[in-house]
Amino acid sequence: MDPIEYAGPIQSVVEWKLLWLIPALPFFGAAWNALLGHWGQKKYGHAFVHVPAVGAMVASFVIAALSVVELVGLGHGDRFLWNPVWRMIEIGSLSVDLSFAMDPLSAVMALVVTGVGALIHVYSVGYMHTEKAYWRFFCYLNLFCFAMLLLVLGDNFVLMFFGWEGVGLCSYLLIGFWYSDYGKASAGMKAFVVNRIGDFGFVVALGLLFWTLGGIWGQDGYRAHEAPRLVGTTVVAEEAGPAREEHGRHGGHGGRTGLTVAVYPGAKVLVDGKAAGRSPILGRELTSGEHDVELVVGPRTSYEATVTIEEGRETALAVVGPTVSFRQLRDQMVLERRENGESTSLRDAFANKTIWGVGAVTLMCLFFFLGATGKSAQIPLYVWLPDAMAGPTPVSALIHAATMVTAGVYMVARLNFLFSLSPVAMTVVALVGSGTALFAATIGFFQYDIKKVLAYSTVSQLGFMFVGVGVGAYWAGIFHLVTHAFFKACLFLGSGSVIHGMHHVEHGEAAAQDMRRMGGLAKVMPRTARTYFVACMAITAAPVPFLAGFWSKDEILWKAFTTENLLVPGWVVWGLCAVAAGCTAFYMWRSWYLTFHGQPRAEVAEKVKESPASMVRVLEALAVLSIVGGLGLVGVPAWAGGEPILEQFLHPVTALSPQIFELGHRGFAEHHGHLMEIGFMVLSVVIALFGWQLARRRYGTDRQAALAWEPSFPGHRILFNKYFVDEIYAKTVVAAFMQLRLFLGQFDKWVIDGMVNATSWGMRLSAWITGKIDEAIVDGAVNAVSNGTLAVGNRLRRVQTGRIQSYIYGIMTGALVLAVVSYVVL
Amino acid sequence: MIRSIPLVLALSLSSALAWADGPPRIEVVGKAPVKIKAGGTAAFRLANTGGARLEISEIRVRTSEAMPAPAGFSVVQDEGLLEPLEPGQKRTVSVAFRPSGPHRAKQLFGHVEILSNDPAHRRIAVGVVTSKGSLLGDHMLSCITFVPLAGVLAIFLLFLVKRSSDRLCQIIAYVTTAISLALSIWLVIQYDPGFGRADGNAGMQFIEHSVWVAGFNIEYFLGVDGISVTMVLLTAIISFVGVIVSTSVTRQVPGYYAMYLLLVTGMFGVFVSLDFFLFYVFWEVMLLPMYFLIGIWGGPRKEYAAIKFFLYTLAGSVLMLLALILLYYNSEPTYLVDGRAAQHTFSMVEMMLNSYDQLGLTVAGVSMTRLCWVFLFIGFAIKVPMFPFHTWLPDAHVEAPTAISVILAGVLLKMGTYGMMRINFAILPEATQWAASAMAVFGVINIIYGAFCAMAQEDLKKLVAYSSVSHMGFCLLGLSALTPQGMNGAVLQMFNHGTITAMLFTLVGVVYDRAHTREIGKFGGLASEMPLYTAFVGLAFMASLGLPGLSGFISEALVFLGSFPVWPVATIIAITGVIITAAYHLWALQRVFLGKFNESWRKSHALEATGGKFPEMNLRELASLAPLAAIVIVLGFYPLPILNLIGTGLEDLRQMVVSADHAAVARAGSSALDLLAAGPR
């Protein structure tokens with residue numbers, strides 16, 4: 001029998017030792033303020049707090065940018081920077097490293113997080129200036145960036161989950177930043193608990209994934225709970241770009257004869273029994289032929305593999321079996337298993353696995369998506385995000401618009417090869433996404449709180465992103481994620497600037513955010529107004545298209561229309577999205593007209609001033625990004641014969657999905673042609689213009705009349721009250737939990753503990769009864785015996801008379817009795 | 001055995017005929033057991049004190065596949081070693097202990113067996129143990145265990161000579177627990193994490209082995225493997241922290257510390273004992289001081305709580321004792337450490353070698369091993385505490401003084417799960433497999449039920465107590481899975497829960513010392529009064545609800561991952577616990593710390609001394625919490641050192657349970673996921 005061999009083009013790796021600094025710098029910033037901030041702020045003022053905090057973010061951005069430059073310099077197939085730090089867990093088949101990786105997807109995310117993050121840090125310096133707990137704010141903000149970077153740079157599920165819940169914690173802390181307001185603190189709690197429902201899904205999905213992976217290897221006697229198997233396999237760089245050669249010095253190693261060990265970082269490597277250093281070892285030259293490689297990973301754990309080195313071929317060790325690493329998971333999706341000349345694809349074995357009659361992949365994807373609906377505020381778990389607006393506005397911009405809430409989209413894109421395997425899961429993602437997009441957009445119609453409008457807008461836009469990744473156009477989802485980060489951060493910070501100004505005339509927070517009390521602010525805050533205007537155009541594509549949001553939204557709409565990856569026709573999803581896009585134009589422009597348009601009230605005109613330069617500059621920077629961010633990432637659009645830049649860049653990450661689609665005869669309809677694409681583009685501009693016109697007609701002329709008209713709109717009540725979803729949840733799920741806890745609390749007290757106490761009472765009762773019995777019967781018997789003896793003695797005393805006759809009678813009676821007895825007995 | 005009697009009789013008869021001056025008689029001259037140094041040799045002398053020539057057929061090191069002797073322990077094959085001994089003749093036999101291999105045994109307890117034609121003693125054994133000749137070298141575990149007891153004696157002597165003062169007793173407690181802590185850390189540093197059963201000594205290290213009560217085959221047998229060394233470390237940390245926390249005790253201080261230190265000795269003893277009887281003695285030793293500590297220094301309903309704790313645990317102990325006796329009388333003959341033949345044994349490592357299940361014994365129609373397993377399990381489950389035996393815990397916690405709550409939740413609960421592993425799992429593997437599914441179910445009930453009950457509590461301390469019930473459920477679930485991830489998760493959870501819950505109880509004590517109440521509803525907005533305190537509570541609560549980045553998450557995640565393939569449905573139900581857990585922690589945090597400060601406190605009697613203000617944590621309180629917080633954070637990101645410590649010993653244990661028969665393979669194979677292909681090695 002031939003030995004079982006594995007082969008396939010697994011991911012090649014380049015070591016890049018700066019990566020850990022990207023998350024670590026914000027962490028140090030957070031630690032600085034956590035330990036010294038309180039003291040330092042009092043003693044040295046605000047600069048003591050914000051210089052390290054902002055500095056850490058800027059430095060983090062610089063390193064991220066450097067890393068991206070490094071990444072771009074590599075050939076397409078080599079674009080994977082890796083930086084293992086230390087091993088966290090090593091038990092049987094489970095090996096978890098604290099290690100970071102940057103592939104194109106992580107690179108995009110890292111740039112957004114550090115870039116927008118740094119901008120918002122700068123903005124916060126102005127916005128939070130009067131805050132007493134200034135140090136605490138920056139500590140949380142830095143901590144958030146640390147967690148978010150952990151999420152996007154972690155190279156395995158565990159680190160991703162560290163970040164996943166870490167950002168949740170920071171969100172909780174920042175929503176409840178003004179904790180003495182009970183309502184705000186409650187909003188934080190709500191966010192955390194609702195997110196935990198999603199996290200439940202994440203953990204279940206991880207369990208399913210881990211063990212299903214173990215299961216597919218079961219056939220050759222592999223024991224899932226034990227260590228994964230090490231195998232030697234080829235590394236094939238997809239496209240060996242020209243940069244590949246020059247970057248060889250960094251460890252870029254494709255195409256060279258030799259051995260690569262990029263698994264179990266830190267493990268001692270023995271080649272043919274001789275020490276060869278510690279993993280990772282990239283492209284170590286070895287003579288051709290068979291070699292025994294041993295990795296010593298723990299005090300008692302070492303793994304062995306036999307690899308065959310061939311001339312001109314790079315051989316790497318791959319881990320086969322259950323894994324939590326994204327890279328190793330992806331590698332297994334491309335590995336072929338060869339036995340006796342037969343070749344089987346692991347991906348097929350994996351995709352065919354069922355659990356409880358359901359496809360394992362489908363089930364795990366749905367559970368992962370449940371996690372995503374929590375973090376990214378989709379139906380049914382979106383309810384926390386509008387409440388989360390209780391936090392300071394920079395927080396809303398950074399966490400609840402630009403970064404954290406997009407984590408779910410990132411996750412689906414990261415796991416694109418899993419979702420692509422399951423049309424059911426993709427359909428669910430696309431439908432939930434498009435449903436949420438429309439649903440949240442309609443709620444946005446008649447909100448008066450400017451931040452609430454933006455919150456529902458965010459929920460809606462996240463829905464668009466999920467449509468993108470759900471229909472299989474992963475890059476489009478990420479594209480919208482990026483542009484949305486620009487314009488939504490700009491909108492939120494703009495609203496923050498407005499609220500900052502409105503605080504000069506309004507004292508209550510609700511009043512300062514109420515658009516009915518605004519109006520005409522463009523006159524007093526021209527720069528803020530300009531940026532808000534630009535961002536509105538960017539999100540709605542009306543009246544002027546070709547800003548950032550136009551490109552990304554249009555790409556999603558087109559892909560939704562042409563997709564063949566779903567179980568429902570693409571136009572269903574497209575239809576929902578198109579309507580949602582029209583709604584978006586309406587409510588966004590409504591917010592613009594209510595806030596900035598017309599003449600300001602006298603009080604407003606007098607007291608409200610433009611915000612400080614540090615805030616406005618940030619707004620302008622984001623506005624510029626909102627203008628150029630779209631076309632800049634596209635370059636030459638597909639219908640003009642180009643290939644979008646971002647799509648190309650992300651291609652190595654999503655490259656597996658098209659292959660999977662093809663196998664299932666899925667993909668995107670090709671027969672529509674560029675003309676139709678342009679036609680759809682025009683159509684979406686028309687829809688947007690329609691929404692914009694609706695808003696302009698109503699709110700651009702007579703705002704009072706428009707506000708008076710609103711309640712007469714059919715369905716206003718249900719829209720204004722957000723479909724009563726919060727109330728329904730409170731009456732059903734929450735109430736059930738609260739009742740159950742009370743019931744179980746009482747059950748424990750009276751039934752379970754009651755049984756214990758009853759036992760003790762029972763024992764005391766039986767002790768009492770025993771005592772009584774002892775007194776009455778046992779002791780009674782003793783007494784009875786003694787009394788009886790005495791009594792008998794008394795009686796017998798009388799017998800002892802001393803008279804001979806009596807004795808003779810007695811003797812004779814006795815003899816008679818004996819005679820009779822003996823006669824009877826014998 | 002019985003069948004061989006006529007043979008033996010016939011043999012002795014024929015020998016008696018052959019041996020005019022009586023049979024040969026083998027005797028070992030000198031002190032037993034023979035002491036040897038690692039890397040050295042030692043010798044003992046054999047003598048023939050009989051009347052005929054003694055034929056020696058073999059002199060060998062006692063070893064078996066199940067419990068191999070350490071590599072390098074051998075009988076020196078001198079020339080003429082096996083020559084016959086004439087009556088009156090003596091011979092020196094040398095043994096060598098030159099440890100070898102990647103994981104060298106530092107200690108040794110073993111036997112040299114001598115097979116001869118002595119009709120009365122065809123096979124005798126000579127015990128060999130290592131000795132370094134230094135107190136710490138030979139008696140590390142005894143020192144850790146009994147240094148606190150020395151503190152008790154010191155307090156008692158001071159009392160006798162009427163020099164006792166509160167301060168002095170406190171210092172004694174500090175010093176003794178600090179010594180134990182330092183020695184425990186040294187122990188962990190010295191511990192070889194790769195040393196396993198295959199390397200000899202049943203995988204135990206730091207062995208101390210001598211005969212205690214020869215008449216009943218009871219030995220003084222201490223040793224640690226990965227599981228117990230982790231628990232020793234935990235005990236040392238928690239009992240030292242407990243002394244810092246104890247400062248708030250002001251009544252009958254000498255008595256308090258005497259009881260406290262006695263308790264500490266009992267706890268260490270349980271974790272290091274390898275003789276079942278000794279284990280039982282320590283188990284009971286721990287019980288009594290606990291009773292007094294709750295009953296004398298407790299809260300308003302202290303008598304009720306103390307008696308409930310005492311009787312409940314005692315009921316468990318009785319069952320354990322029954323099982324102990326059953327196991328003892330069904331154990332196979334072996335040797336005591338000095339080589340004396342013993343008909344039965346209390347030694348746990350010897351008991352592990354017995355295949356009780358194959359005896360096929362039944363008691364009233366029920367399999368003896370299963371009955372024993374259930375008895376032992378209930379005894380330990382009460383301690384865990386497992387639903388429905390948990391109701392002593394909230395009462396005991398609410399009434400116990402803070403430091404005792406810390407000890408109770410931090411260490412005592414872990415004895416339950418420790419006992420299950422050390423005794424149920426190791427000695428009765430077949431029954432463990434039989435009962436694993438029930439354990440999983442109880443684990444899930446603990447997790448969910450405990451969480452809901454915690455959510456229902458109004459008393460902060462009761463809430464924390466029920467959270468312990470919930471969190472110990474993870475240990476049960478993880479253990480029941482019998483997978484490496486699940487069991488490692490369970491042991492790590494024991495350690496992590498110990499540190500986290502110690503923090504929680506200390507923190508509850510801090511606010512109770514100020515407010516003299518723990519009712520959640522009476523607080524509100526404490527965050528603005530005590531920001532530092534709030535930060536610590538936040539950290540501890542987050543660790544307790546399993547936030548990634550803090551230690552609790554790692555162990556919970558390992559348990560989930562480990563039990564998933566074996567009990568998928570149960571695990572998914574258990575994972576919903578994370579939602580409820582988050583809810584009750586955050587809700588409590590919300591009600592106590594967030595919102596507006598409850599101004600009625602300004603005029604409260606409790607705060608009179610501080611002018612209506614809640615004073616921030618003092619240095620002492622900080623000193624008790626900061627190390628625990630550091631452990632919680634570091635292990636959150638870097639749990640590998642503790643996992644490495646646990647790993648080998650636990651994997652050996654798991655192999656013993658799983659490979660006891662093939663039922664495990666079958667069960668795992670038929671589980672819904674068909675994923676875990678378990679099998680004997």
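Quick note on labels: first sequence line is chain A, next is B, and so on, each numbered from 1.
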Peer 1: Looking only at heavy atoms, which two atoms of A/Tyr179 and B/Phe593 are closest? And how far apart?
Peer 2: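 So the minimum-distance heavy-atom pair works out to CD1-O, 4.4 Å.
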Peer 1: Show, in sequence, the C-alpha distance, side-chain angles and deciding distance for B/Phe452 and A/Phe743, and conclude whether the ring pair (Phe, Tyr, Trp, His ring centres under 6.0 Å) test is met.
Peer 2: CA-CA 9 Å; B/Phe452 269 115; A/Phe743 169 73; over 10 Å; no
Peer 1: So which atom in A/Tyr172 and which in B/Met542 form the shortest heavy-atom distance, rounded to 0.1 Å?
Peer 2: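 So the minimum-distance heavy-atom pair works out to CE2-CE, 3.9 Å.
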Peer 1: What part of A/Ser186 is in contact with chain B, defined as an atom under 4.5 angstrom from a non-hydrogen atom: side chain, backbone, both or neither?
Peer 2: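 Both the backbone and the side chain of A/Ser186 come within 4.5 Å of chain B.
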Peer 1: Based on non-hydrogen pairs under 4.5 Å, which of A/Leu742, A/Val204, A/Val193 is most in contact with chain B?
Peer 2: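 Between A/Leu742, A/Val204, A/Val193, the count favours A/Val204.
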Peer 1: Quick check against the 3.5 Å criterion: does A/Arg87 have a side-chain atom that pairs as donor or acceptor with the backbone of B/Leu640?
Peer 2: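 No; judged by distance alone, with no hydrogens or angles, the pair does not exist.
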Peer 1: So which atom in B/Leu561 and which in A/Gly207 form the shortest heavy-atom distance, rounded to 0.1 Å?
Peer 2: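 For B/Leu561 versus A/Gly207, the nearest heavy atoms are CD1-CA, 3.8 Å.
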Peer 1: At a 4.5 Å cut-off on heavy atoms, which part of B/Tyr304 comes close to chain A: side chain, backbone, both, or neither?
Peer 2: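 Just the side chain, heavy atoms under 4.5 Å.
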Peer 1: Are B/Phe564 and A/Leu206 side-chain neighbours, meaning at least one heavy-atom pair lies under 4.5 Å?
Peer 2: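 No, every pair of side-chain atoms sits at 4.5 Å or beyond.
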Peer 1: Using a cut-off of under 4.5 Å on heavy-atom pairs, state which of A/Ala185, A/Gly166, A/Gly163 scores highest against chain B.
Peer 2: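 So the answer, after comparing A/Ala185, A/Gly166, A/Gly163, is A/Ala185.
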Peer 1: Taking every heavy-atom pair that is under 4.5 Å apart, which of A/Asn757, A/Val194, A/Val96, A/Leu159 has the most such pairs with chain B?
Peer 2: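 So the answer, after comparing A/Asn757, A/Val194, A/Val96, A/Leu159, is A/Asn757.
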Peer 1: Give a yes or no on whether the backbone of B/Phe637 and the side-chain of A/Trp86 come within a donor-acceptor separation of less than 3.5 Å.
Peer 2: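 The answer is yes, because a donor-acceptor pair under 3.5 Å joins these two groups.
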Peer 1: Specify the closest pair of heavy atoms between A/Arg196 and B/Ile579, including all atoms of both residues, with the distance to one decimal.
Peer 2: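 Shortest heavy-atom contact: O-CG1, 3.7 Å.
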Peer 1: Under 4.5 Å heavy-atom distance to chain A, tell me which part of B/Trp392 shows up: side chain, backbone, both or neither.
Peer 2: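 Neither; nothing under 4.5 Å.
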Peer 1: Side chain, backbone, both or neither: which part of A/Leu98 has a non-hydrogen atom closer than 4.5 Å to chain B?
Peer 2: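 Answer is side chain: those atoms of A/Leu98 sit under 4.5 Å from chain B.
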Peer 1: Quick check on the interface: out of A/Ser180, A/Ser760, A/Ala360, A/Gly745, who has the most heavy-atom pairs with chain B under 4.5 Å?
Peer 2: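 So the answer, after comparing A/Ser180, A/Ser760, A/Ala360, A/Gly745, is A/Ser180.
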Peer 1: Please classify the contact between A/Met755 and chain B as side chain, backbone, both or neither, with a heavy-atom cut-off of under 4.5 Å.
Peer 2: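 When you check distances to chain B, no heavy atom of A/Met755 falls under 4.5 Å.
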Peer 1: Are A/Leu740 and B/Met455 packed together at the side-chain level, in the sense that at least one heavy-atom pair is separated by less than 4.5 angstrom?
Peer 2: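 With C-beta onward as the side chain, the pair stays apart.
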Peer 1: Measure distances from B/Phe560 to the heavy atoms of chain A and classify the residue's part below 4.5 Å as side chain, backbone, both or neither.
Peer 2: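 Side chain only.
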Peer 1: Could you tell me which portion of B/Ile580 (side chain, backbone, both or neither) has an atom closer than 4.5 angstrom to a non-hydrogen atom of chain A?
Peer 2: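 The answer is the side chain of B/Ile580.
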Peer 1: Given B/Leu558 and A/Leu94, is the side-chain contact (heavy atoms from CB on, under 4.5 Å) satisfied, shown in steps?
Peer 2: CA-CA 9 Å; B/Leu558 283 176; A/Leu94 178 67; 3.3 Å; yes
Peer 1: Could you check which of B/Pro639, B/Gly525, B/Pro388 has the highest count of heavy-atom pairs closer than 4.5 Å to chain A?
Peer 2: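 Going by pairs under 4.5 Å, I would pick B/Pro639.
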Peer 1: What residue, out of B/Gly647, B/Ala582, B/Pro641, has the most heavy-atom pairs lying under 4.5 Å from chain A?
Peer 2: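 Heavy-atom pairs under 4.5 Å are most numerous for B/Ala582.
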Peer 1: Could you check whether any side-chain heavy atom of A/Trp164 comes within less than 4.5 Å of a side-chain heavy atom of B/Pro548, counting everything from C-beta outward?
Peer 2: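 Contact flag for A/Trp164/B/Pro548 side chains = no.
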Peer 1: Start with the C-alpha distance between A/Val203 and B/Val578, add both sets of side-chain angles, then the distance that settles side-chain contact (heavy atoms from CB on, under 4.5 Å), and finish with yes or no.
Peer 2: CA-CA 10 Å; A/Val203 176; B/Val578 301; over 6 Å; no
Peer 1: At a heavy-atom separation under 4.5 Å, does A/Phe146 approach chain B through its side chain, its backbone, both, or neither?
Peer 2: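 Contact with chain B involves the side chain of A/Phe146 alone.
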Peer 1: Please report the closest heavy-atom contact between A/Ser93 and B/Gln485, naming both atoms and the distance.
Peer 2: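 Smallest interatomic distance, heavy atoms only, reads OG-NE2, 3.2 Å.
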Peer 1: For A/Met738, I'd like to know if atom CE has over 12 heavy atoms of other residues, nucleotides or ligands within 6.0 Å.
Peer 2: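 Yes - once you tally the heavy atoms of other residues, nucleotides and ligands closer than 6.0 Å, there are more than 12.
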Peer 1: For atom CZ of A/Phe27, is the number of surrounding heavy atoms from other residues, nucleotides or ligands below 6.0 Å larger than 12?
Peer 2: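 Incorrect, the count does not exceed 12.
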Peer 1: Out of B/Thr571, B/Ile554, B/Asn644, B/Leu594, return the one with the most heavy atom pairs under 4.5 angstrom to chain A.
Peer 2: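 Winner by heavy-atom pair count: B/Leu594.
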Peer 1: With a 4.5 Å cut-off on heavy-atom pairs, point out which of B/Leu545, B/Leu635, B/Ile307 contacts chain A the most.
Peer 2: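 Highest number of pairs under 4.5 Å: B/Leu545.
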Peer 1: Suppose we screen for side chain to side chain donor-acceptor pair (under 3.5 Å). Which residues come up paired with B/Thr576, at least two apart in sequence or across chains?
Peer 2: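 By the side chain to side chain donor-acceptor pair (under 3.5 Å) rule, B/Thr576 matches no residue at all.
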Peer 1: Which residue out of B/Leu589, B/Thr648, B/Leu650 racks up the most heavy-atom pairs below 4.5 Å with chain A?
Peer 2: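 Among the listed options, the one with the most contacts to chain A is B/Thr648.
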Peer 1: Show your working on salt bridge (charged side-chain N to carboxylate O under 4.0 Å, His left out) between B/Lys462 and A/Asp748 and close with a plain yes or no.
Peer 2: CA-CA 12 Å; B/Lys462 251 190 175 166; A/Asp748 196 63; over 6 Å; no
Peer 1: Can you name the nearest heavy-atom pair linking B/Leu547 to A/Phe192, along with the distance?
Peer 2: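 The pair with the smallest heavy-atom distance is CD1-CZ, 4.0 Å.
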Peer 1: What option among A/Leu169, A/Asp753, A/Val756 has the most heavy-atom pairs under 4.5 Å with chain B?
Peer 2: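 Winner by heavy-atom pair count: A/Asp753.
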Peer 1: Identify which of B/Phe597, B/Tyr312, B/Tyr584 forms the greatest number of heavy-atom pairs closer than 4.5 Å to chain A.
Peer 2: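 Of the options given, most contacts go to B/Tyr312.
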Peer 1: Chain A heavy atoms under 4.5 Å from B/Asp395: which part of the residue, side chain, backbone, both or neither?
Peer 2: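 B/Asp395 touches chain A through side-chain heavy atoms alone.
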Peer 1: Quick one: what part of B/Leu643 sits under 4.5 Å from any heavy atom of chain A, side chain, backbone, both or neither?
Peer 2: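 Side chain of B/Leu643 only, per the 4.5 Å heavy-atom cut-off to chain A.
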Peer 1: Measure the spacing between CD1 of A/Ile91 and CD1 of B/Ile646 and express it to the nearest 0.5 Å.
Peer 2: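 Spacing of CD1 (A/Ile91) from CD1 (B/Ile646) equals 8.0 Å.
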Peer 1: Got a donor-acceptor contact below 3.5 angstrom from the A/Trp211 side chain to the B/Gly562 backbone?
Peer 2: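 No: the side chain of A/Trp211 does not pair with the backbone of B/Gly562.
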Peer 1: Can you find a pair of side-chain heavy atoms, one from B/Gln590 and one from A/Tyr182, that are under 4.5 Å apart?
Peer 2: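 They are in side-chain contact.
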